[in-house]
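The sequence lines fix the lettering, A, B, ..., with proteins before strands; numbering per chain opens at 1.
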2 protein chains.
Amino acid sequence: MPKKIPKKTIQRVLIYHRYLTFLLQQGTRDISSKSLADILETTPSQVRKDLSCFGRFGKSGSGYDVLELRDLIGKRLGFEKLRKVCIAGMGNLGVALAGYRGFEDLGLTIQAVFDSDPKKINRKFDGLVCRDIKEIAPVVKKNQIDMAVLTVPAGSAQEVARRLENAGIRAILNFTPVKLTLSSRVKVSNVDLAVELKTLSFFIR
Amino acid sequence: MPKKIPKKTIQRVLIYHRYLTFLLQQGTRDISSKSLADILETTPSQVRKDLSCFGRFGKSGSGYDVLELRDLIGKRLGFEKLRKVCIAGMGNLGVALAGYRGFEDLGLTIQAVFDSDPKKINRKFDGLVCRDIKEIAPVVKKNQIDMAVLTVPAGSAQEVARRLENAGIRAILNFTPVKLTLSSRVKVSNVDLAVELKTLSFFIR
DNA sequence: TAGATTGTTAATCGATTAACAATC
DNA sequence: TAGATTGTTAATCGATTAACAATC
């Protein structure tokens, strides 16, 4: 029974992983929780606690082997199993995400993009032919896509989300300001850019 | 001495504000913490606790006046004072954010955009002439811009952030995967899209 | 051995939820 | 008055930090 790992831990560990990759390129072989914490502005306790969720791979007195730690995190976080993702809504944000380098390193690959605008359908975006939103179900099934990024206009968010659900999508990263109503089998994570920026502004008033 | 308000509270209250605006358009006059909680998938206790940070404006027995509550939140969260924002880095993501409708409602306005690519400098993006990153200091000062969105490539993130700091920017919304090193006077908030997507994937493994 | 650093348990801190007297 | 709902205090839950025995 693997104990439940908090979302915040996952996020931090992904950052550790990224930094370990950098250290590796630099040729650094070993690192302590203290050094890692200093660089990433957290505490050694936090680092050790986070890592302890995934096993014990440190050496008392000398810290962690960079390569070993990085690979083990990768394994635990499922970097080896490639996740196929689609993007629904090829407006500015959809296009930006389709062209975003930085997903591959994490074992994520954009496999299909959708829009409802005839001017966009059949056009190529970063090597991917844009398909009609109406074709979500067959395309998702055929390509075994299991995640989606939702970047359609607010007005069609709920409807498109439902299509994604019906197509068998298991997780949606929702960039619309709409509270999606879906079966609990679909995991939804909201990214609200306007709220992020406004929240930041509050703290400098 | 106004007690410190948690970031999470601010974020939720911004969502309440957005929903109250919607209710207002619908013609709904009153709402209880219970109804608000049901719609936004939280608890009445959470709603009341959050609102209590900003004052007491509910009526026992009948709930809140939608218009009054919305306006008071707006006032407390500083919607009336327009915040000027600039975007550094007009790649896909910068362009997407420059064209993003949804900031204005929150009292945020994109006032300038910057890039270092001669092909982009002097080009217009959503009505704004792109300026050279080297001109950040004068442009920011002249326009009294106090926040920035950082969407440059990782390699120049730290350098551009330092320019923003020197120009007097007080807050940066950082979309790069770089841990910025700046004076503590600059408030930095990180949005890591790759980490968001990967974290989501972890929970459907 | 002495020094450093781990993994884990206990203590602390903060955020969410429940409970309830006050009140419209 | 009876019913509903507030604002706030107390209880609970979860996450972070500190402490330390174990160990390389």
*Would the number of heavy atoms belonging to other residues, nucleotides or ligands and lying under 6.0 Å from CD of Gln144(A) be above 12?*
no

*chain A on DNA chain D: first and last contacting nucleotide, 5' to 3', under 4.0 Å to a heavy atom?*
dA15(D) to dC24(D)

*Residue closer to the 5' end of DNA chain C, Gly61(A) versus Lys49(A) (nearest nucleotide)*: Gly61(A)

*Considering all heavy atoms of both residues, which atom of Ile133(A) and which atom of Ser116(A) are nearest to each other, and what is their separation?*
CG1-N, 3.9 Å

*Taking the six-membered ring of Phe79(A) (Phe, Tyr or Trp), confirm whether the NZ or CZ of Lys198(B) is under 6.0 Å from its centre and within 45° of its axis.*
yes

*asked:* Does Ser45(B) reach a base, just sugar-phosphate, or nothing at all? Heavy atoms under 4.0 Å.
replied: base

*Kindly check if the number of other-residue, nucleotide or ligand heavy atoms within 6.0 Å of NZ (Lys59(B)) is above 12?*
yes

_One thing to verify: whether Arg162(A) and Glu165(A) come together as a salt bridge, which I'm taking to mean a side-chain N less than 4.0 angstrom from a carboxylate O._
yes

_Using a heavy-atom cut-off of 4.0 Å across all strands, would you classify Lys34(A) as base, sugar-phosphate, or nothing?_
nothing

*Starting from Watson-Crick (N1-N3 plus N6-O4 or O6-N4) and G-U wobble pairs under 3.5 Å, report the runs of at least three that DNA chain C belongs to.*
C:3-24 with D:3-24

Check residues 60-72 of chain B and write down every donor-acceptor pair under 3.5 Å in which the side-chain atom is one partner and the other belongs to a residue at least two apart or another chain.
from: Asp65(B); atom 1: OD1; to: Leu67(B); atom 2: N; distance (Å): 3.1
from: Asp65(B); atom 1: OD1; to: Glu68(B); atom 2: N; distance (Å): 2.9
from: Arg70(B); atom 1: NH1; to: Thr21(B); atom 2: OG1; distance (Å): 3.2

_Along DNA chain D (nearest heavy atom to each residue), the more 5'-positioned of Phe57(B) and Gln46(A)_ = Phe57(B)

*asked:* Under 4.0 Å, counting only non-hydrogen atoms across every strand here, what does Arg56(B) touch: a base, just sugar-phosphate, or nothing?
replied: sugar-phosphate

*Could you tell me whether Ser33(A) contacts a base, only the sugar-phosphate backbone, or nothing, with contacts defined as non-hydrogen atoms closer than 4.0 Å?*
sugar-phosphate

*Base, sugar-phosphate, or nothing for Ser32(B), non-hydrogen atoms under 4.0 angstrom?*
sugar-phosphate

*Which part of the nucleic acid does Pro44(A) contact within heavy-atom distance under 4.0 Å: base, sugar-phosphate only, or nothing?*
nothing

*asked:* With a 6.0 Å cut-off on the ring centroids, do Tyr19(A) and Tyr16(A) count as close?
replied: no

*Please examine the side chains of Val152(B) and Phe114(B), heavy atoms only from C-beta on, and report whether any two atoms are closer than 4.5 Å.*
no

*Does the side chain of Ser201(B) pick up a donor-acceptor pair with the side chain of Arg83(A) at under 3.5 Å?*
no

